[in-house]
Amino acid sequence: MVKGFLPLFLIAAYLVYGLPAGQGFSVTGGTGAQGNSRHGAGEIYEKETVSPDKVTLSFAGDISFAEGYANMGYYHRHGDDISQCVAPELIARMDGADIMMVNNEFAYSKRGAPLAGKTFTFRASPETAGNLGKLSVDIVSLANNHVYDYGEEAFLDTLDTLEQYNIPYVGAGRNREEAKKIVYFCANGMKIAYVGATQVERSYVFTKEATDTAPGVLRTYDPEVFLEVIQKAKETSDFVVVYVHWGTEGSSRFEEDQQLLGHQYIDAGADLVIGDHPHCLQGVEYYKGAPIFYSLGNFWFNSKTQSTGLAEVDISSKGIQEFRFVPCLQHGCRTDLVGDPAKKQQMFYYLESISANAEIDENGVIREKGVVKHAKEEAKPF
């Protein structure tokens, strides 16, 4: 399946926020994220789907195309071919989703200088943004602690580059209103909202926070502003995805502050919370029936051998129909699907062991413990 989307441009912010959830409409326009997206109006994209009775959302964790690190050395040694780095069968799985999202944890630019005092700084050549299309990525989060690594010039180049490559982003912008922007996808009669924010850095802050007049990321250390964004997304859509950068690097156990935020997001209207930043897997928790996947870890980020995977969610007008974990392995600067049945079961067992109240069956289907899904609850066509 060759994925693509048609942007639906709205002229002012009130038009975006005024569209009722699930309303059918037809607006045509050019290609790329244009219109008032730079001023916080939000963006709406129409998506074709594989199935007429569901929408499949897929998520991966951290990616980096930053020069000077081992994974990009491998990329260059293999003909600058991302399919030599992310296995073709895994790319096919990503392409099979209707909407694919990753965390873009670096800047696209040839300008700027590394922030003084920061140990790791990530900057990629702008042309590597073409790899997002090759990976069937539909939307990225920029709400992280590396997108500002080379200062304001490189940060602004990152926004320009993604817009040039027609990749919507959330969690960052040229000012606070743009950083609060909601990206909507309309598919199978549903309007799906994506929002993003970062909880880190929590002590010394390198990454600038967006203000009324200055570019930067949207923060959720104090969640008040982000909760308002989630509430607005809930009012103007049928399903709300929160993608958040939080937690402690290297920790496989989610922490109390993450849990508190995750619960607040769901109380504000989130239907699904996906996390990253720890660079390793963290578990799953259900709160009021909504899942929180605390961290998907590295997807294609460095040379370490680490468990990772895709979180796939089938949704319909009735809500989440199935939530799955697709096990993958980052190793030797490659990321592959895990095919061996015994290793898959080992990963399912491990993920369940670090989860709160979630269980994972032999097919990777994640459910809240004690909740049984009956055949009559299956998704129906719209």
Check step by step if side-chain contact (heavy atoms from CB on, under 4.5 Å) holds for Lys234 and Asp271. CA-CA 9 Å; Lys234 187 64 174 180; Asp271 297 291; 3.2 Å; yes
Could you tell me whether the side chain of Thr56 reaches within less than 4.5 Å of the side chain of Lys54, counting heavy atoms only? yes
Which atom pair, heavy atoms only, marks the closest approach of Ser307 to Leu281? O-CG, 3.7 Å
No-hydrogen, no-angle side-chain donor-acceptor test under 3.5 Å, Gln330 and Asn71: no
Quick one: do the Glu163 and Tyr165 side chains pair a donor with an acceptor below 3.5 Å? no
Quick one, Asp340 with Lys344, criterion side-chain contact (heavy atoms from CB on, under 4.5 Å). Give me CA distance, side-chain angles, the key distance, then yes/no. CA-CA 6 Å; Asp340 180 77; Lys344 288 172 70 172; over 6 Å; no
Taking the six-membered ring of Tyr194 as reference, does the cationic atom of Lys181 (NZ for Lys, CZ for Arg) lie under 6.0 Å from its centre and within 45° of its axis? no
Ion pair Lys134/Asp81, N-O distance below 4.0 Å: no
Audit row: Phe122, Phe301, ring-ring contact (aromatic ring centres under 6.0 Å, His included) steps and yes/no: CA-CA 11 Å; Phe122 302 135; Phe301 195 83; 5.5 Å; yes
So which residues get pulled into Phe206's cluster when ILVMFWY side chains under 4.5 Å apart are joined, directly or through others? Leu115, Tyr204
In terms of heavy-atom contacts, Asp138 and Pro168 come closest through O-CD, 3.0 Å
Looking at Gly289 and Glu368, what are the two nearest heavy atoms and their distance? CA-OE1, 3.9 Å
Does Phe325 reach the side chain of Met347, with side-chain heavy atoms less than 4.5 Å apart? yes
Any donor-acceptor pair under 3.5 Å from Thr308 side chain to Asn298 backbone: yes
Without swapping roles, check the side chain of Arg123 against the backbone of Arg111 for a donor-acceptor pair under 3.5 Å. yes
Under 3.5 Å, is there a donor-acceptor pair linking the side chains of Glu43 and Tyr169? no
Is the closest basic N to carboxylate O distance between Arg174 and Asp160 below 4.0 Å? yes
Let's go through Phe299 and Thr335 carefully: what are the C-alpha distance in whole Å and the side-chain angles of both, what is the deciding distance for side-chain contact (heavy atoms from CB on, under 4.5 Å) to 0.1 Å, and is it a yes or a no? CA-CA 7 Å; Phe299 185 65; Thr335 303; 4.1 Å; yes
Measure the shortest side-chain to side-chain distance between Leu57 and Ile315 over non-hydrogen atoms and say whether it is less than 4.5 angstrom. yes
Heavy-atom donor-acceptor pair, Thr236 side chain to Lys232 backbone, under 3.5 Å: yes
Are Tyr75 and Asn131 close enough that a side-chain donor and a side-chain acceptor fall under 3.5 Å? yes
Looking at Glu89, I want to see if its CD is surrounded by more than 12 non-hydrogen atoms of other residues, nucleotides or ligands under 6.0 Å. yes
Does the side chain of Val365 come within less than 4.5 Å of Glu322's, by heavy atoms? yes
Ile230 and Ala270: which non-hydrogen atoms are nearest, and at how many Å? CG2-N, 3.7 Å
Considering the options Ile91, Leu90, Leu135, which one meets the side-chain contact (heavy atoms from CB on, under 4.5 Å) requirement together with Ser83? Ile91
Side-chain donor-acceptor pair present, Thr248, Arg202, cut-off under 3.5 Å: yes
Under the 3.5 angstrom rule, does the side chain of Thr211 hit a backbone N or O of Ala214 as a donor-acceptor pair? yes
Residue pairs passing the side chain to side chain donor-acceptor pair (under 3.5 Å) test where at least one lies in residues 345-355, sequence neighbours excluded: none
What residue among Arg324, Lys369, Arg367 forms salt bridge (charged side-chain N to carboxylate O under 4.0 Å, His left out) with Asp361? Arg367
Side-chain H-bond candidate by donor/acceptor type, Tyr265 with Thr220, under 3.5 Å: yes
Under 4.5 Å between any side-chain heavy atoms of Val140 and Leu132, yes or no? yes
Side-chain contact test, heavy atoms from C-beta onward, threshold under 4.5 Å: evaluate it for Lys47 versus Asn188 and give yes or no. no
So Phe59 and Tyr243, would you call those rings parallel, tilted or perpendicular, with 30° and 60° as cut-offs? tilted
Check Leu261 against Pro223 and note the closest heavy-atom contact, atom names and distance. CD2-CB, 3.7 Å
Partners passing salt bridge (charged side-chain N to carboxylate O under 4.0 Å, His left out) against Lys118 (at least two apart in sequence or in another chain): Asp149, Glu201
Side chains of Ser316 and Gln321 only: does a donor on one sit below 3.5 Å from an acceptor on the other? yes
Side-chain contact test, heavy atoms from C-beta onward, threshold under 4.5 Å: evaluate it for Pro278 versus Ser251 and give yes or no. no
Please test Trp246 against Phe254 for ring-ring contact (aromatic ring centres under 6.0 Å, His included), starting from the C-alpha separation and ending with a verdict. CA-CA 9 Å; Trp246 59 4; Phe254 60 86; 8.7 Å; no
Polar contact flag, side-chain donor to acceptor under 3.5 angstrom, His263-Asp267: no
For the residue pair Glu105 / His277, report whether a side-chain donor-acceptor contact shorter than 3.5 Å exists. no
Would you check if there is a donor-acceptor pair between the side chains of Gln258 and Gln282 at a distance under 3.5 Å? yes
Is the closest basic N to carboxylate O distance between Arg93 and Glu312 below 4.0 Å? yes
Do Asp157 and Lys110 meet the salt-bridge criterion of a basic N to acidic O distance under 4.0 Å? no
Interatomic distance, Asn145 atom CG to Thr207 atom OG1 [nearest 0.5 angstrom]: 5.5 Å
Where the side chain of Asn144 meets the backbone of Asn104, is there a donor-acceptor pair that is under 3.5 Å apart? yes
Considering all heavy atoms, the nearest Ala154-Tyr150 contact: CB-CB, 3.5 Å
Please report the C-alpha distance between Phe106 and Phe65 in whole Å, then the side-chain angles of each, then the deciding distance to 0.1 Å, and finally whether the ring-ring contact (aromatic ring centres under 6.0 Å, His included) criterion is met. CA-CA 7 Å; Phe106 56 93; Phe65 304 143; 5.4 Å; yes
Charged tip of Lys191 within 45° of Tyr184 ring normal and under 6.0 Å: yes
Val225 vs Leu218, test: side-chain contact (heavy atoms from CB on, under 4.5 Å). Steps then yes/no. CA-CA 9 Å; Val225 172; Leu218 180 62; 4.1 Å; yes
For Asp257 and Tyr221, test the side chains for any donor-to-acceptor distance below 3.5 angstrom and give the result as yes or no. no
Only one of Asn357, Ile292, Ile266 clears side-chain contact (heavy atoms from CB on, under 4.5 Å) with Tyr286; which? Asn357
Can you tell me if Asp276 uses its side chain to pair, donor with acceptor, with the backbone of Ser295 under 3.5 Å? no
Is there a side-chain contact between Val217 and His245 in this structure, where contact means two heavy atoms from C-beta onward sitting under 4.5 Å apart? no
Got a second to check how far His146's NE2 is from Thr198's OG1, nearest 0.5 Å? 10.0 Å
We want to know whether Asp98 and Thr49 form a side-chain donor-acceptor pair, criterion being a heavy-atom distance below 3.5 angstrom. no
